[in-house]
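I have placed the structure first, in the form of structure tokens, so that the comments after it can refer back to it.
Below, chain A is the first sequence line, B the second, and so on; all start at residue 1.
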Amino acid sequence: MSEEKILVTAALPYANGPIHLGHLSGAYLPADIYVRYKRLKGSDIVFICGSDEHGVPITISADKEGIKPKQIIDRFHKINKEAFEKFGMSFDNYSRTSLPIHHDTGKEFFLEFYNRGILKEKKSLQFYDEKAKMFLPDRYVEGTCPNCGFEEARSDECENCGALYQPTELKNPKSKITGQAPVLKETSHWYFPLGSYQRRLEKYIIDMDEKYGWKENVLQYCRGWFRDGLEDRAVTRDLDWGIKVPIDSAEGKVLYVWFEAVLGYISSTKEWAKDKGDENLWKKYWQDVETKYVAFIGKDNVVFHCIVFPAMLMAWNDGDKDKYVLPQNVPANEFLNFEGKKFSKSRNWGIDVIDFLKLFPADPLRYTLAANLPESRDTDFYWKEFQLRNNSELADILGNFINRTLTFVQKHFDGKVPERKKIETIDKEMLDLISIYPEKVSKLFESYKIKDGVLEAMNLARAGNKYFNDSEPWKTIKTDKEKCGTTLGICLQAIYTLAGLMMPVIPFSAEKIFAMLNSEKTSWDELGGENLKPGHQLNTPEIIFPKIEDEIIEKQMEKLVRSDDLKKEEPELISINDFSRVQLRVAEIISAERLEKSQKLLKLKVKLEDEERQVIAGIAKSYNPENLVNKKVVMVANLKPAKLMGLESQGMILAVENEKGELNVLSVDSSVKNGTRVK
RNA sequence: GGCGGGGUAGCUCAGUAGGUCAGAGCAGUGGAAUCAUAAUCCACGUGUCGGGGGUUCGAAUCCCUCCCCCGCUACCA
């Protein structure tokens, strides 16, 4: 069990929004607990993360706000970095993929593959938005399904009937960005031949599972991908936001995010090494077969970390350069839901880390999330559970055990560690229990059963309370002070051990406990022995875990109900600005006639100030054409023109429907001038 | 439609080499104790392990089928 060399990475969060509690449960908290534990174990470990800052969604966000992508990523990089710090993530480095050091790494990998002829160039027709001057990813093109007629089908697949087709077959394609009809334009891209690595990947995963015991859910996801068969994947995109493809003929192309984002782990480690003053230090981890590399991610990322990334590293390692280590384990978690439903930014459901930490300290959150990690299936975060975990576990069981022991020692032993005298059976049993705990929790952490490890650690506090009760020191202090001293000495030892065991989970509070014990933390393996010597002076105890009152929690829950109602009953509150985008104007009908083949439509000519328009209105069932002439009505003047029955309609007449289904057009007094804006 | 996950005590969740596997924590009921943040400790669960069928001496655990929920198939752990 000498010094293990470990490289731990946590999924790079996408810098397109603030991270929420779900992200923490999925990857970051388990990673941090594992790393902190391993550090106490004395491992030589480096913990790497950073922001993933390229890709189309970021450019879309930027366009929406009318700013540059750089501003988006700067904003969220900062927010998320700060959120992680407050939450107690102990990254050795938190980098970002927009840095030159990462661009260089991405290019290096691309060129290595390109030069060795691994990448295949293929031409294809892609939708191109001429107004936005960009190629459109599949999900930004919408049209009518050639198979079932579904009108919101994607460019290559219909969500309604499941049909797959070529983008050229899609009817009435429309760009989701500008709403315009995109054109098909030829482009060429480089593809990574993932399929030709399938056999090796399958073997790699089976081997790793046999040696290191991969999680069942992770294996399932991989099997699914293998069953479907791996295919070539494009590693480039037509986009200007990202890492430029480093060859002359690739103007306007960048590396596709999935290809370069995972390399962010490597470049972040490089950055760390540089900061440490040894540029090559990163190689000691990435390029040494002795390194144990563990990648913490959420389930959505399994394919990239268990298949794509290993395949890329295999491809690299087939060359003659220094070779990289592949992940030895990828303990992906499922998802955390929020009060029974999925976290959703757009539906305003859930809470961001940064907001949560404005309300509560990190440790209760860390403990609550850790005690309910979605290790084998999705779980939920409930405000009530959060309160309960804090109040009845952290405060009542752990906090109170510490408090009752320390105040007792303060009162009756001048705050000095009492000497252990005669060890009776009950004492022996407690000492034995304390001594086996580090190993017990260790075993669970080593096999990535973080949740069980945390709950097991809490059991030592339960045992401490029981030992305290059964020993009844409040009685022995009067009858047998030596015996009382022995009891308290052992309780103090339990507290010390607890502080150590809890260090990875609730680091801020564990520090406080050590401070109250007036003691330094020790290595994991030293825990459970006699860490506090008799006569050692303790500091004044204080409450570590204040309770959270009902009102505080209720306030948060009320917010939820409100945001829920808001969505259901008043889903569309719009601003005055939104309304002002609709131009309602007074128009005079100067002619009206029926359309031959239509029962509902009338062709109207209307006059707006000095302009005439043709409007096709669906009011034929309620009006005779002649009765409409000279009427002054209200129309939407800036509606996008549409074709109805082959005729262009340049606006819309407003009308209301009564119970019988008859329409009444909104009309105004004849004194109002044509073209007047309705406000 | 396709893919994936799940349906185990009131609640949140454990539980696959099929045979103390019917569990833990919380909540609830009763009791003990009073050093302590009214905090602790002890005792108490007749749950069809979603329904049905099958394999087996024996299944929550394997196979088949049905029902229900959720997620993904848009960015996102």
So, using side chain to side chain donor-acceptor pair (under 3.5 Å) as the criterion, who are the partners of [X] when residues are at least two apart?
X: A:Ser61; value: A:Asn16
X: A:Lys481; value: none
X: A:Glu82; value: none
X: A:Lys466; value: A:Asp470

Residue pairs fulfilling salt bridge (charged side-chain N to carboxylate O under 4.0 Å, His left out) with at least one residue in [range], sequence neighbours excluded:
range: residues 400-414 of chain A; value: none
range: residues 372-384 of chain A; value: A:Lys299-A:Asp378
range: residues 23-32 of chain A; value: A:Asp32-A:Arg36, A:Asp32-A:Arg366

Sticking with atom P, work out how far B:rU65 lies from B:rG71, rounded to a whole angstrom.
25 Å
B:rG45 and B:rC3, which share atom name C1', separated by this distance in whole Å:
40 Å
Would you mind telling me which of [options] lies closest to the side-chain atoms of [X]?
X: A:His20; options: B:rU37, B:rC13, B:rA77; answer: B:rA77
X: A:Tyr28; options: B:rA77, B:rA14, B:rA36; answer: B:rA77
X: A:Thr407; options: B:rA36, B:rC26, B:rA39; answer: B:rA36

Short of 4.0 Å, heavy atom to strand atom, which residues of residues 74-86 of chain A count as contacting RNA chain B?
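Result for residues 74-86 of chain A: none.
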Go along nucleotides 2-7 of chain B 5' to 3' and tag each nucleotide: B for a protein heavy atom under 4.0 Å from its base, S when only backbone or sugar atoms are that close, - otherwise.
--SSSS
For a quick test of your reading: what N or O donor-acceptor pairs under 3.5 Å do the side chains of residues 449-456 of chain A make, sequence neighbours left out?
{"from": "A:Lys451", "atom 1": "NZ", "to": "A:Leu373", "atom 2": "O", "distance (Å)": "3.2"}
{"from": "A:Glu456", "atom 1": "OE2", "to": "A:Tyr437", "atom 2": "OH", "distance (Å)": "3.0"}
{"from": "A:Glu456", "atom 1": "OE2", "to": "A:Asn459", "atom 2": "ND2", "distance (Å)": "3.4"}

Taking for each residue the nucleotide of RNA chain B with the nearest heavy atom, is it A:Phe545 or A:Lys449 whose nucleotide lies nearer the 5' end?
A:Lys449
Could you pull out all donor-acceptor pairs under 3.5 Å where a side-chain atom in residues 50-59 of chain A meets a protein atom, sequence neighbours excluded?
{"from": "A:Ser51", "atom 1": "OG", "to": "A:His77", "atom 2": "ND1", "distance (Å)": "2.8"}
{"from": "A:Ser51", "atom 1": "OG", "to": "A:Tyr94", "atom 2": "OH", "distance (Å)": "3.1"}
{"from": "A:Glu53", "atom 1": "OE1", "to": "A:Arg96", "atom 2": "NE", "distance (Å)": "3.0"}
{"from": "A:Glu53", "atom 1": "OE1", "to": "A:Ser98", "atom 2": "N", "distance (Å)": "3.2"}
{"from": "A:Glu53", "atom 1": "OE1", "to": "A:Ser98", "atom 2": "OG", "distance (Å)": "2.4"}
{"from": "A:Glu53", "atom 1": "OE2", "to": "A:Arg96", "atom 2": "NE", "distance (Å)": "3.0"}
{"from": "A:Glu53", "atom 1": "OE2", "to": "A:Arg96", "atom 2": "NH2", "distance (Å)": "3.0"}
{"from": "A:His54", "atom 1": "NE2", "to": "A:Thr97", "atom 2": "O", "distance (Å)": "3.1"}
{"from": "A:His54", "atom 1": "NE2", "to": "A:His103", "atom 2": "NE2", "distance (Å)": "3.3"}
{"from": "A:Thr59", "atom 1": "OG1", "to": "A:Val56", "atom 2": "O", "distance (Å)": "2.6"}

Identify all pairs in which a protein N or O lies below 3.5 Å from an N or O of nucleotides 40-45 of chain B, and state each distance.
{"from": "B:rU40", "atom 1": "O2'", "to": "A:Arg404", "atom 2": "NH1", "distance (Å)": "3.2"}
{"from": "B:rU40", "atom 1": "O2'", "to": "A:Asn469", "atom 2": "OD1", "distance (Å)": "3.0"}
{"from": "B:rU40", "atom 1": "O2'", "to": "A:Asn469", "atom 2": "ND2", "distance (Å)": "3.4"}
{"from": "B:rU40", "atom 1": "O2", "to": "A:Asn469", "atom 2": "ND2", "distance (Å)": "2.9"}
{"from": "B:rC41", "atom 1": "O4'", "to": "A:Asn469", "atom 2": "ND2", "distance (Å)": "2.7"}

